[in-house]
Every structure is written in structure tokens, then in C-alpha cells.
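Please read the structure below before turning to the comments.
Excluded from the calculations below are hydrogen atoms, water molecules and symmetry mates; all remaining heavy atoms, backbone and side chain alike, are included. Keep in mind the model is a prediction, meaning the values are calculated, not measured.
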Amino acid sequence: MAEQLEEFNKILTSFLSVDNTIRTQAEEAYNALPLETKVVYLLNTVQNQGSPRTDDERQMAAVLLRRLFTAEFNEFYSKLAPEAQQQLKEQLLLAVQMEQVDSLRRKICDVVAEVARNLLDDDGNNLWPEFLQFLFQCANGPSPHLKEAALRMFTSVPGVFGNHQSNYLNLIKEMLHQSLMDTSSYHVRFQAVRSVAAFILLHEKEIDIQKHFVDLLPLLIQVIGESVQQQDDDALLKSLIDMCESTPKFLRSQVDNILDMCLKVFSNEDIGDSWRHLALEVLVTLAETAPPMMRKESPKYLPILVPLILKMMTDLDDDDDWSVLDEISEDDNDSNNVVAESALDRLACSLGGKTMFPQIVQNIPDMMKHPDWKYRHAALMAISAVGEGCQKHMEESLPFIVDAVLRFISDPHPRVRYAACNAIGQMSTDFAPSFQKKFHARVVPGLLTFLEDNENPRVQAHAGAALVNFSEDCPKNILTQYLNAIMAKLNDILGSKFIELLQKGTKLVLEQVVTTIASVADSCEEQFIAYYDTLVPRLKYIIKESTQAELKLLRGKTIECISLIGLAVGSEKFMSDAVEVMDLLLKTHTDLPDDDPQTSYLISAWARICKIMGKQFEQYLPLVIKPVLRTASMKPEVALLDNEDMEEVSQDVDWQFVSLGEQQNFGIKTAGLEDKASACEMLVCYARELKEGFAEYTEEVVKLMVPMLKFYFHDGVRSAAAQSLPCLLECAQIKGHQYLSQMWNYICPELLKAIETEPETEVLTELMYSMSKCIETLGNGCLSEPHMAELLKILDKQLKEHFEKEVERLEKRKDEDYDEVVEEQLADENNDDIYTLSKIADIIHALFIAYKTDFFPYLDQIIGHFVKMLEPDRPWSDHQWGLCIFDDVIEYGGPACAKYQGIFLAPMLAHVTDKSPEVRQAAVYGCGVLGMHGGDVFSGEVCDIR
């Protein structure tokens, strides 16, 4: 035993080593120990039993013990005898009481809270009532240290009262109130704020509980202000941000005080930048989560806030080499100018142009004339930032804005010229296509002038990027007017920059110009054929010669370019080069690692060439399918981290985190997710284009795609999975009925589950459309009785939600913060709802195509919803889609539709003269099919239509 203890102590000491190798060895030795041994030794170390240990070693033991209880508590605790379980709990509470070192006591509190969390069963029963007694005892006792300890534990597990919480609400509130007022200890007040925040966030949807605790807010804001003055720990501002994000209405009564506090912090340049960023984040988050409320308050804070943000955007370094750098590092997301620009963008998107644009108009003109280049740069970047959010109100001022921006073509500072390119590119996206239609005569020559800036490659490259933005949404007839001038310029740059690459190794502008050529070709389509013979040989040469590792991105972009040109000019022109191009691409993909930038370009290029070559691409399928499947199969790295672990990795840009509450955070490594989505889309393309030529791969692909219907890490993956299913069924038809039935039996239950549980409307509509196309492909009898029942249940739920959402929109119009911007958002929600309704109609349509009158008994189970949609007081969209359902009843039911004439006939005849064209079209179509398919019984009604 003594030897084991000594060995364990060595492991613990090694955990604290600065040497990675020693720490790794210690982790391996620790992981090899039995669970019970680890708990006993760790607990003894925490309590300082046996040989004395250092505070650092005891803290490490507490951290390891908490992690152990987080991951394996039930496995350990369930094996203990009742007496041993009781002893463990008593030891832990005693350790909190007896510990004199503050930092250690806090770590022990985390351990105790983890045990308390685990002793709350699934039904909400607290299996450790002594802990609740201990909590109140410490909170109401004389010791500030134990008060803080009680609050820390409550913060970690605010749901600890379980299903008896309602009995304790007043006691909880009193405990928190007294703690917020505690004059003996700032640490108690500090922890009390964290406890209130944790408790409110746990009950973010329970308005009654929030109302019960709302009178704690003045004290809470007061203590947060105190923490800002202390400049010691920013956890309280972060807690306020969390409440702004999840429970903004809870903060309403104190919004003036919150705004005042945050403006004071943000305006104080003597305070550390990180504190100023957090204060700004409070204001921006409130604007995003409670925009109507913040629009009402805007006269009090926006005239102060916007100039401060613009001033922060001027915080740029003077770097003489900036404009000639060939390798560009990503902007530091924590730098002042990036934080400020992002805040301005978010404020514009959340508050809208009516509120924000006047502030821009008031502040930007003077900045544009400022002698300091940083102010001119900030002004132009601000125009870029607010365009999306202020679109409607900014559009009428565009002539003046465009003129003002283009004047900076000759600005003496390259970073200002860069910002001008940025503004043009962003406006090209935000205001397309009207921007291109109205301003092409000024913008295109301006961009071509920017492209001549050979002395400043970053400006030249950014002009190329702006031209991409302009081209993407530019009507072809406009862009082709400038095609000769654009291509002459791009051709010159392509040639000169390739020579520069060979001589100096610089590639920034070359990479961009290749992308710009691709975009212009994509927009001009067959008009680009005049430049094909000049460009394609040069591009093939770049692909052949750019074999060095540092040229991977250039090679990938060139591959993208040549495939887009092929798609633009069409198969007749491209086919003579198709084989050579495919050979070049196939040589490229050999043994590429998953993270090689060329992989995503190759996968997309192959799909484009498949579209060009059609059936002739089948010969290449065995050669290209493997990397596509590998990329589509990529499994993202995920992790479940507590708050302490989060502090170490939260700044990693490759990871995204979601708080799960009660100290738990879910993280996912996002790198590679876009490539995975793209690969899934390419598989859809192959199936759609090659049909039976893809049949050999349908089994492998369907087994890949079906599980990804629930790939909640990326909407694009789920959408691609949904789109693939009817295509795969169509491909598989050549393999016979049995094979097709087996495939559908695998797909159907999972597709139904996905439709039922999908949280995103955009993906949901893809799933519903997929179901409709699958039914159309397979025909009568494709749904078993259980599957038909499940589908009808889903449609019934969707239709109920359709009516409920309309009621919710009516309620939102009664809200005290309702305004015209809210009305615009409600209109957008209504449009989404109408689109979902159209997908429901698609499924009903498919069922009628497949089942004809056999579907009538199933329709009867949900027909009440369609009857309601035809009621006179329903909106036009309900009338339209209600009529469309009965159009299908008539068209596919024939004379048997007469059983429903009491429902549809009068509304259909009445709506022939409806003021809505969509409704008239549905009604007239119905009357037409009634005459064609309804039979003699309806001949009189049809003849009477005027």
C-alpha cells in the first residue's frame, strides 16, 4: 500500500511538470490505475491526509477527482456499500468546511457540485438532501468563505433542488438577495451574481421564475459594475452576455443601467481592450436578441456608441510592408479594428437601416475627408459593414456612396485603396443585381484601374476579388459589354504574374486572377468562348508546372478555373481538352492527404466535368469516387468539456463550442466540414447526371447518406443527403425491384424520422421534397401501413404548427416593442411558413400521383386542415394551397372526387375571381381539371363559370 501511495504521489507530481514527455507518461500511468484506487488516493490528497502535499498537488488532485466524477461517477459510486457512500459524502462536505486555502476550497467545491449533480436522478429526485441543508447552512452562516463556497456550488449545479425546487424558490431568492447585499465580502457578492445568472439561464424559458427573481437585478448590475472597477475577473460581464443572449426580456427593467455601464466601459480607453470588447459585446448581443427593445432605446445610446465603434476601427498598425506581403495571415479576431467592424455589422443587421443608417450618414463623411489614412480606411470599411443590414435605407443613397468610394482610386495610401475595393465588392453582393445594373459604367472601369496597382499586390488582388463579387450576380448582357476590356487586363496580369512567380516566387495576385477569370467565365457562359483558345493552354501549363507544396492553392484554384470555363463554353468546345484535363487532375489526386487544399477543388471540378461529359464521364468514375467518398465520410472531431477545460481551447478558431448548461460545453472541430458538405453535393451530382451509370455505387452511397440525414453539425450535409435519396433510387431502378425495395426499406424509416426531428426550416423543406420525389419514383404501394401512418402523423403535426405559427405572429404584433422592422421579420417568417406549406402540398401531390383514389382513405385522416384553409377568413396563401390539394383530388381522383364536392366546389368557384393571382390560378386550374376529369356530375358547374 505504501509503495502504491508513493508511486501515485510521483504521478501527481509529474502532472505538474513543464516537460510534455513527463506529463504524457504520468497520464498513461494514471489511466492504468483502477478507478477505486484513483478515487481513494485523490480524495486523500485533497484532504491532505498522509504525507503533506503541496497546494499545487492538492489542486491537481481536486481537478482530477472532479473529472473522474464527471465521466465515471455512477460506475464507481454504485459499487460502494451504503455506509461507504455516506462516508464519501460526509468527507467531501467536511473538506469544504475545513479547507483554509481559498483556491483549493474552490476546487473542492467543484468536486462536491459534480457529486451533487450525479445524485440528482432522472426524475428530479435529490438523493443527497444533506447537501441542500449544507448549502443553506453555509450561505446563511457567518463565514464569508463558506458563503462563497455555497454560492460556487450552487452556480455549478443550479438545478440541484430538482423536482422540489418550487418549495424552495423563496429560500433560494432570499439566499441570493442576502449574498448580493453582503457588505463583508466582495467575493460573496461576486459569486452571488454568477449564481443568479446560472439559475436564470437554467430557466430561460420559464417566465414566471424570471419574474420572481427580477427584483434582484438592480443589485446584480451594481455588483457587475463593481467587478469592472476591480479589473480583476471578467466572469460577471461574461455572465451578463450569456443572459443578454438567452434571457434579454429578464433584463428589461435594468436596460438603461446596463447601457450606461457598458458605454462608460467602452468609452474608457484607459481600460484594457478585453474589458471594452466585453462591454461592446453586451450591447451588440442585446441588439441581436431584443432588437425592438433596443431600437426604442437607440436615441439614448447609438449617437454615443457608433462614433466610439468607428473610432475603434481606426486602431490599425502602421506597417510599410502591408501592401506588398505575399503571404497573408488571418486577421486577429481580438484586434480592436476587427472587433469594432464586426460589431457595426451585427448592429446594422439587428437594428435595421432605419435606426442605424442615419448614424452612418452623420459620422462617415467627415472621416472620409480626414487627413489620417486610418480614418478614411475605417469609413470605407464601415460602408462595407453596414450594407447588408441597412440595405433598404442605404439603396437610395447609393449613387452618392458609389461616387464617394470611387474617388479613393487615387488615394495616396494603399490600405485606403484596398478598403475602397472592399466596399465595392461588398456593395456588389449586398445590392445585387440592381447595383450592377445602375453602376456598371462607373464600377467596372474603376475596378480595372485598381487592377493596375502592380506596386501593391494586396490592393491589386483585392480588386480582383471585388470583380468576382461584381461578376457573380451581374446580368450577362451587362458584363459582356466589358468582356474584352476585362479579359485583356486579366490576361496581361496572368502572364506577368506567372513570370513573377517563376522569378520571385510571389503568387498572391496570380491565385486571385485565376479565380477572377473563373468567375467571369461562369457569368458570361458561351460568350467566353472567344478567350478559350488563349487561356486554356496557359491554365493547363500552370497545373502541370505548379507541383511544389507551396503552390497547392494556386494549382487548386487553376483546376477550379479550367472546369468552370469548360462548363461555361459547353461540351462541344471543351471535349477536345476534356481527356487531357482529366488526366492532369487524376495525376494530381494520387495520395493527397485529407487536409490538402487541392482535394476540395478536385472534387468540385470532377463534378463539373461530369456535367459536361455526361455518360462519357462513367469511365472516370472508378478513379474519382474514392476521394469523394473519403471526404464525404469525414467524421468531425468532437469533445465534451467543462468550463475549466474550455478556458484552454476556447480561442482556437478551428473549434466551435455550445454551452449545454451546468458547466458542460460541447465542442466540434469545424475544419473540413465545408469540404464534407461539398463532397456530398458532388455525389448528388454524379447520381443525378449519370443515372444508371452510377448504379454500382448506390449501395455504398446510400449507406453513407442516410445516417447523414441527422448530421446536425452542418446544414449543407443534411440537405445534400436529402437531395441524394430520390436520385439514388432512380439510379438503382436498373438493378431490379427487389434491390430497389431493400434500398427504400432502408431509407424510408430514417427519412421519416429526419423530417419529424429536423430543427431548421430550410433543411426540413429539402427533406419533405425528397420524400415527395421518392414517392413519385416508386409509385403505388411504396409506403407500408406503419410508414403511411407515420407520414400522416408528421403532416398532421406540420399543419397544426402552420396554424399555431400564425397565432404566434398575431401575438407578436401585440407586443409592446412591436414596430415596422418586427413586421418585416414576421413577413419573412410567414413566407417561410408558406414555403413549408408548399412542400406539404408536394408530398400530397406525390401520394396522389402514386395512389390515385387509393389515397382517399388516408387523406380523410387529415382533411380537416385543408377544409380550414379554405375558410373565407384565411389568408390568400391558405386558399392557394388548400385549392391545390383539391386540384389533385380532382385530377387524380376523377369522378370519385364527387365525395368531396361539398368541401371544394363552392370555394373553388368563388376564388376564380379572387384578387390574388396565385389563388385565381389554383381555382381556375381546379375548374379545368374538373371539366376534364370530374365527370358528368360537374358539367353544369363548369359550364356556369364566367
Side-chain angles (χ1 to χ4, degrees), residues 46-47 62 66 69 85-100 102 104-121 123-203 206 208-217 219-220 223 236 239 661-663:
V46 167
Q47 294 177 294
R66 175 185 54 75
F69 285 161
Q85 290 178 349
Q86 187 63 28
Q87 184 182 6
L88 171 68
K89 292 183 287 188
E90 289 172 356
Q91 279 183 298
L92 289 170
L93 297 182
L94 185 63
V96 173
Q97 286 180 295
M98 301 303 295
E99 185 55 58
Q100 298 302 306
D102 289 344
L104 255 168
R105 188 188 315 105
R106 289 166 187 152
K107 297 294 184 190
I108 296 169
C109 286
D110 295 342
V111 175
V112 175
E114 194 55 50
V115 173
R117 188 192 337 273
N118 279 285
L119 291 176
L120 194 66
D121 71 15
D123 296 321
N125 298 305
N126 190 306
L127 307 178
W128 192 8
E130 298 88 349
F131 174 74
L132 302 182
Q133 296 165 14
F134 179 73
L135 205 64
F136 285 126
Q137 177 189 327
C138 292
N140 296 316
S143 167
H145 299 306
L146 291 181
K147 285 181 181 179
E148 184 195 353
L151 291 164
R152 185 177 182 89
M153 290 184 288
F154 181 68
T155 300
S156 293
V157 56
V160 71
F161 291 90
N163 54 24
H164 293 292
Q165 179 177 274
S166 57
N167 301 328
Y168 289 97
L169 265 186
N170 289 328
L171 283 172
I172 294 169
K173 182 178 177 181
E174 184 58 27
M175 173 184 78
L176 296 173
H177 184 255
Q178 293 299 326
S179 300
L180 286 167
M181 294 180 63
D182 193 303
T183 56
S184 66
S185 170
Y186 164 70
H187 293 296
V188 170
R189 297 194 298 279
F190 183 97
Q191 196 60 51
V193 172
R194 295 192 68 200
S195 293
V196 173
F199 191 73
I200 293 300
L201 290 169
L202 182 67
H203 301 94
E206 295 168 68
D208 289 341
I209 288 180
Q210 292 179 32
K211 287 180 178 177
H212 190 68
F213 283 77
V214 76
D215 51 356
L216 298 180
L217 265 177
L219 289 169
L220 182 133
V223 178
L236 299 195
S239 293
E662 299 203 349
Q663 307 289 304

Charged N to carboxylate O below 4.0 Å: is that the case for Lys107 and Asp110?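 Salt bridge between Lys107 and Asp110, a charged N being under 4.0 Å from a carboxylate O: no.
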If I take atom [atom1] from residue [X] and atom [atom2] from residue [Y], how far apart are they, to the nearest 0.5 angstrom?
X: Leu176; Y: Ile200; atom1: CG; atom2: CD1; value: 9.0 Å
X: Gln210; Y: Leu217; atom1: CD; atom2: CG; value: 10.0 Å
X: Ile108; Y: Gln97; atom1: CD1; atom2: CD; value: 11.5 Å
X: Leu171; Y: Gln165; atom1: CG; atom2: CD; value: 12.0 Å
X: Lys89; Y: Leu92; atom1: NZ; atom2: CG; value: 10.5 Å
X: Ser166; Y: Asp208; atom1: OG; atom2: CG; value: 12.0 Å

Does Glu206 have any side chain to side chain donor-acceptor pair (under 3.5 Å) partners at least two apart in sequence or in another chain, and if so, which? none
Under the criterion ring pair (Phe, Tyr, Trp, His ring centres under 6.0 Å), which of Phe131, Phe199, Tyr168 is the partner of Phe154?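 So the option named by the test is Phe199.
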Asn170 and His212: side chain donor to acceptor below 3.5 Å: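 There is such a pair between these side chains.
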Would you say the side chains of Thr155 and Gln191 form a donor-acceptor pair under 3.5 Å? yes
Side-chain heavy-atom pair [X], [Y] within 4.5 angstrom cut-off:
X: Asp102; Y: His187; value: no
X: Phe161; Y: Leu169; value: no
X: Glu130; Y: Glu90; value: no

Run the side chain to side chain donor-acceptor pair (under 3.5 Å) check on Gln91 and Gln87 step by step: do they pass? CA-CA 6 Å; Gln91 279 183 298; Gln87 184 182 6; 4.6 Å; no
Per-pair distances, 0.1 Å, donor-acceptor, side chain in residues 132-149, under 3.5 Å, sequence neighbours excluded:
residue: Asn140; atom: ND2; partner: Phe136; partner atom: O; Å: 3.0
residue: Ser143; atom: OG; partner: His145; partner atom: N; Å: 3.3
residue: Ser143; atom: OG; partner: Leu146; partner atom: N; Å: 3.2
residue: Lys147; atom: NZ; partner: Asp182; partner atom: OD2; Å: 2.8
residue: Glu148; atom: OE1; partner: Arg106; partner atom: NH2; Å: 3.4
residue: Glu148; atom: OE2; partner: Arg106; partner atom: NE; Å: 2.8
residue: Glu148; atom: OE2; partner: Arg106; partner atom: NH2; Å: 3.0

Main chain of [Y], side chain of [X]: is a donor-acceptor contact present, judged purely on distance under 3.5 Å?
X: Arg117; Y: Ser156; answer: yes
X: Gln100; Y: Met98; answer: yes
X: Asp123; Y: Asn125; answer: no

Taking all non-hydrogen atoms of both residues, which atom of [X] and which atom of [Y] are closest, and how far apart?
X: Gly162; Y: Leu120; result: CA-CD1, 3.8 Å
X: Val96; Y: Cys109; result: CG1-SG, 4.2 Å
X: Val111; Y: Ala62; result: CG2-O, 3.3 Å
X: Leu151; Y: Ala192; result: CD1-N, 3.9 Å
X: Asn126; Y: Val160; result: ND2-O, 2.6 Å

Results of side chain to side chain contact (heavy atoms under 4.5 Å, CB included) for Asn167 - residues two or more places apart only: His164
Please determine which of Leu220, Ile172, Val196 meets the side chain to side chain contact (heavy atoms under 4.5 Å, CB included) test together with Phe213.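 It is Ile172, the one option of Leu220, Ile172, Val196 that forms the side chain to side chain contact (heavy atoms under 4.5 Å, CB included) with Phe213.
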